Amino acid sequence: MTKTSLACTAMTLSACAQAAGADRTGQSIAPMFEKGRYLSVETYAARPQVRGTDAWGQSTGQVASDHAQWGFAYKQDIAPQTSMLLMVTRPFGVDIAYGRQHSRLFGGTQARISTYELMGALRYQWNERWAMHGGLRLQRSEGHMALGGLAFGALNGYRVSFHPSIEPGYLLGMSYERPEMALRIAGTYYSAIKHQVRTQENLQAGAGTTTTHSTSPQSFNLDVQTGMTPSTLLFGQIRWSDWAQLQLRPQAFAAATHGSSLTDLQSSTTYTLGLGQKFGPQWSGFVALVYDKKSSKNPLSPLRPSNGRTGYTVGVSYQNAHIKVTPWISYQRLGATDISSSGIPMAHFEPGTAKAAGLKLGYYF
């Protein structure tokens with residue numbers, strides 16, 4: 001396994017570290033830096049454990065659902081200095097549900113949001129060290145939410161469905177490389193994507209179809225890696241996501257709450273630091289630590305029952321002339337928080353966990 005292959009494996013690991021929360025992939029473009037023609041498929045399954053106790057002493061039960069992810073990538077050189085990348089991913093998602101058999105304050109509250117994205121990008125390398133990349137993204141978003149329990153007062157029983165919406169966006173970035181040192185610095189900006197979503201709302205007063213404006217967050221990834229020895233690679237990532245852009249104000253809900261949003265997310269920065277180590281011509285291993293700073297806001301929305309996280313991901317990679325197999329596992333500690341529907345704490349969630357396991361298969365041809 002070459003230094004370049006070890007480096008690409010390490011960049012993939014930065015994405016693995018995102019296996020909790022609404023950010024499901026970290027929007028990695030690691031396949032862009034593979035050599036030659038390359039096809040990959042990857043998948044992982046995550047099992048979060050998030051439980052709390054409401055103000056009446058009742059358990060909320062397990063509120064974060066298990067979820068699975070998958071993705072495909074195809075990279076090809078189309079000229080001596082130009083390559084192309086096609087990817088299909090599911091970059092964002094939310095799976096929260098409070099069982100009716102548990103807390104009377106929040107039972108019946110839930111959120112299921114999913115996105116799918118097709119991305120096409122080109123990379124032009126104008127010399128051995130400098131390159132730029134950019135492309136277009138087509139994003140499909142859909143989901144539904146419900147507010148249940150006595151904590152929501154007159155909004156108890158409110159339901160809203162967001163019909164599928166497909167809108168375009170873009171990415172743009174640059175990279176600097178020193179191949180003899182396995183050094184790479186790559187920065188990539190992902191634009192916000194604005195959706196106009198056909199919405200079905202259900203209130204006690206009746207039901208109706210409206211239009212909701214929402215924005216998928218802009219983000220920026222800074223990936224850095226460098227060889228420490230001929231067989232050891234140090235790598236890291238800083239990822240900023242402007243989650244504050246995501247405001248959901250369905251018309252009937254906004255009218256009943258004086259313009260409030262169903263979401264209360266804040267911009268976040270995720271830090272990843274790791275090491276990759278070659279064990280032989282075909283085997284390598286890697287480990288990464290991930291950290292999300294805890295928000296100063298308290299209490300949070302019932303749809304956001306954790307605050308901050310720390311975790312690690314470990315794995316191995318086997319590669320021969322045509323095939324690369326990369327299994328990994330991840331464990332993350334989710335921060336404690338209070339939640340409320342009115343600004344006054346109405347439930348407390350102890351620190352939770354998220355466990356994930358994944359597999360990436362790559363083929364060179």
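Everything numeric in this text was worked out from a predicted model, so none of it was measured.
- W328 and F286 have their aromatic ring centers separated by at least 6.0 angstrom.
- Between D23 and R239 a salt bridge is recorded (basic side-chain N to carboxylate O distance below 4.0 Å).
- Between D95 and R112 there is a salt bridge, since at least one side-chain N of the basic residue sits less than 4.0 Å from a carboxylate O of the acidic one.
- Ring pair Y176/W130: centre-to-centre distance below 6.0 Å.
- Closest of all the heavy-atom pairs between P345 and P299 is N-CG, 4.1 Å.
- Using a 4.0 Å cut-off between a side-chain N of Lys or Arg and a carboxylate O of Asp or Glu, R123 and E177 qualify as a salt bridge.
- At least one cation-pi condition fails for R137 and Y190: the charged atom is not both under 6.0 angstrom from the six-membered ring centre and inside a 45 degree cone around its axis.
- Remark: aromatic rings of F365 and Y363 are close, center separation under 6.0 Å.
- Looking at E34 and K75, no side-chain N of the basic residue comes within less than 4.0 Å of a carboxylate O on the acidic one, giving no salt bridge.
- The aromatic ring centres of Y38 and Y364 sit less than 6.0 Å apart.
- Ring geometry, F253 versus Y158: the interplanar angle falls from 30° to 60°, so the pair is classed tilted.
- Ring geometry for Y318 against W283 counts as tilted: the plane angle lies between 30° and 60°, on a 0 to 90° scale.
- With respect to K297 and D264, a salt bridge is recorded, a charged nitrogen being found less than 4.0 Å from a carboxylate O.
- No donor-acceptor pair under 3.5 Å is formed between the side chain of Q49 and the backbone N or O of Q62.
- Hydrophobic clustering, with ILVMFWY side chains joined whenever heavy atoms are under 4.5 angstrom apart, keeps W70 apart from Y44.
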